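These notes are about the structure you will find just below.
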Amino acid sequence: MPMRTAPERLLVRLEWRVIRRLDGRLAGGYRTAHRGTGFDLAGLREYTEGDDARHIDWNVTARLNEPMLRVFTEDRELTAWLVLDRSASMTVGAPGRGKDDVLSELALVLARLFGRGGNRVGALLYDSGLYDTGPSNTGPSNTGTVRTVAPGTGRRHALRIAAELARTADGSRRAAGQNRGTTDLAAMLDAVAKLARRRALIVVISDFIGDGDWGRSLLRLVPRHEVVALRVVDAADDALPDVGLVVVEDAETGEQLVIDSGDPLLRARLRAGVEERDARLDAGMRRAGVPIHRIGTDADLATALIEVVSSTHVITGRRRA
């Protein structure tokens with residue numbers, strides 16, 4: 001029997017510990033904000049009383065001098081895009097249970113759940129550094145590197161996404177601490193907007209530590225797609241241990257400072273900065289109508305995902321019209 005690869009071992013573990021628990025709790029079909037009209041034009045027919053007048057093709061009606069109705073073929077398959085933040089700040093956390101580890105587990109579980117029943121799942125991996133190129137790389141930009149896994153379905157496809165995550169994880173860790181600049185969240189959202197041509201469910205998994213006018217990019221995304229944000233956090237993001245003089249380093253820019261971690265003024269400024277960052281993030285998501293869910297590195301994954309599903313009505317299975 002051939003040895004399993006690291007992504008296969010991870011998927012098997014998650015299938016036993018998480019996905020089996022979710023299967024009994026997440027029965028049903030997808031519900032999204034965009035439903036009921038289908039996506040593909042199948043043809044035209046004469047308008048009859050009781051039809052939806054919004055579907056009348058007025059150009060054809062004028063030519064034929066009788067009302068003609070556009071008929072659509074309902075697309076019952078869901079396309080989901082996983083937008084995965086691979087920036088250096090995602091490497092924060094305990095070995096084996098950092099933010100990037102939780103992101104990988106979330107992505108693999110969601111790819112496996114969404115990819116069943118004919119639904120298609122794609123992945124966009126965004127990093128603010130230029131550490132890698134390859135066949136699935138769309139190329140470096142001024143703000144970061146985008147790698148994509150085209151939408152697909154099934155267990156084998158989930159493993160493709162897991163393999164890409166494993167490959168980019170090494171690059172993210174090598175780049176941590178280098179002077180690369182902070183993550184441009186707006187560029188990350190704009191990248192998926194270019195890829196998702198048709199209506200889709202877009203799940204953004206990130207710590208949302210970065211800059212750029214991401215609020216405007218998000219507002220451009222939500223009219224066409226259903227967007228859910230999963231914010232992965234670690235205690236080190238928000239709190240500074242009181243250990244006296246210590247060297248701290250920005251994971252993304254590489255900037256280092258010597259600080260007195262016991263200085264009450266410094267600790268108060270840190271708390272104020274964290275609260276301001278969180279308030280700004282919550283306000284931007286609320287303005288766009290996008291639910292954001294906080295998932296800690298110490299969280300139980302199945303419990304966290306059940307809470308996400310129950311509050312956003314994104315349910316595994318087939319989508320209801």
Side-chain angles (χ1 to χ4, degrees), residues 28-83 110-111 113-124 126 136 138-139 141 146-154 157 186-204 212-229 284-291 312-321:
Y30 289 110
R31 292 192 295 173
T32 74
H34 309 289
R35 57 183 184 272
T37 61
F39 298 108
D40 300 320
L41 180 64
L44 298 166
R45 65 169 174 82
E46 292 184 8
Y47 175 85
T48 58
E49 187 176 353
D51 286 335
D52 191 339
R54 292 175 299 177
H55 296 163
I56 293 176
D57 189 316
W58 294 107
N59 290 330
V60 176
T61 295
R63 288 199 302 269
L64 300 181
N65 202 28
E66 60 179 331
M68 298 296 293
L69 196 76
R70 292 190 297 268
V71 179
F72 296 91
T73 299
E74 182 184 12
D75 184 354
R76 294 189 62 82
E77 292 182 358
L78 174 77
T79 297
W81 280 98
L82 305 178
V83 182
L110 292 174
L113 289 172
F114 287 144
R116 299 187 296 191
N119 300 303
R120 293 164 17 104
V121 186
L124 181 151
Y126 181 86
S136 60
T138 62
S141 69
V146 174
R147 296 185 60 85
T148 60
V149 178
T153 187
H157 186 69
M188 183 171 71
L189 297 174
D190 290 341
V192 73
K194 294 176 183 177
L195 284 172
R197 303 280 182 184
R198 303 173 66 181
R199 284 175 177 168
L201 171 65
I202 295 175
V203 182
V204 184
D213 189 6
W214 60 267
R216 185 172 299 180
S217 297
L218 189 61
L219 286 170
R220 287 196 296 264
L221 199 60
V222 292
R224 184 169 180 82
H225 307 287
E226 180 134 347
V227 183
V228 176
M285 292 294 176
R286 189 164 52 248
R287 189 160 50 246
V290 171
T312 61
H313 307 297
V314 179
I315 309 173
T316 60
R318 291 189 66 81
R319 185 179 58 187
R320 292 194 291 268

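Because only heavy atoms are used, hydrogens play no part in the values below, and waters and symmetry mates are left out as well, while side chains stay in. In this text, all values refer to a predicted model and were calculated from it rather than measured experimentally.
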Going from [atom1] on [X] to [atom2] on [Y], what distance comes out if it is rounded to the nearest 0.5 angstrom?
X: Trp81; Y: Leu195; atom1: CH2; atom2: CG; result: 4.5 Å
X: Met188; Y: Leu124; atom1: CE; atom2: CG; result: 8.5 Å
X: Asp51; Y: Arg70; atom1: CG; atom2: CZ; result: 12.5 Å
X: Arg63; Y: Asp57; atom1: CZ; atom2: CG; result: 7.0 Å
X: Thr61; Y: Tyr47; atom1: OG1; atom2: OH; result: 10.5 Å
X: Arg120; Y: Thr153; atom1: CZ; atom2: OG1; result: 9.0 Å

Any donor-acceptor N/O pair, His157 side chain to Gly115 backbone, under 3.5 Å: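 Not confirmed, His157 side chain does not pair with Gly115 backbone.
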Donor-acceptor contact present, side-chain Arg199 to main-chain Thr79, <3.5 Å: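 Not at all, since once roles are kept as given, no pair shorter than 3.5 Å links the two residues.
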Heavy atoms from other residues, nucleotides or ligands near CZ of Arg287 exceed 12 (cutoff 6.0 Å):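 It does not: Arg287 CZ has 12 such atoms or fewer within range.
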Residue pair Ala111 / Val121: nearest heavy atoms and the distance that separates them: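 Distance-wise, the nearest heavy atoms are O-CG2, 3.9 Å.
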Nearest atoms (heavy-atom pairs only) where Lys194 meets Arg197: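 Heavy-atom minimum between the residues: O-NE, 3.3 Å.
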[X]: partners by side chain to side chain contact (heavy atoms under 4.5 Å, CB included), with sequence neighbours left out:
X: Ala186; result: Asp184, Trp214, Ser217
X: Leu64; result: Val60, Glu66, Met68
X: Asn65; result: none
X: Asp52; result: Arg54, His55

Under the salt bridge (Lys or Arg N to Asp or Glu O under 4.0 Å) test, residues paired with Arg220 that sit two or more places apart: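 Salt bridge (Lys or Arg N to Asp or Glu O under 4.0 Å) check on Arg220 returns Asp190.
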Intermediate values then yes/no, side-chain contact (heavy atoms from CB on, under 4.5 Å), Val222 and Val290: CA-CA 8 Å; Val222 292; Val290 171; 3.4 Å; yes
side-chain hydrogen bond (donor to acceptor under 3.5 Å, both in side chains) partners for Arg216, two or more places apart: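 Applying side-chain hydrogen bond (donor to acceptor under 3.5 Å, both in side chains) to Arg216 gives Asp213.
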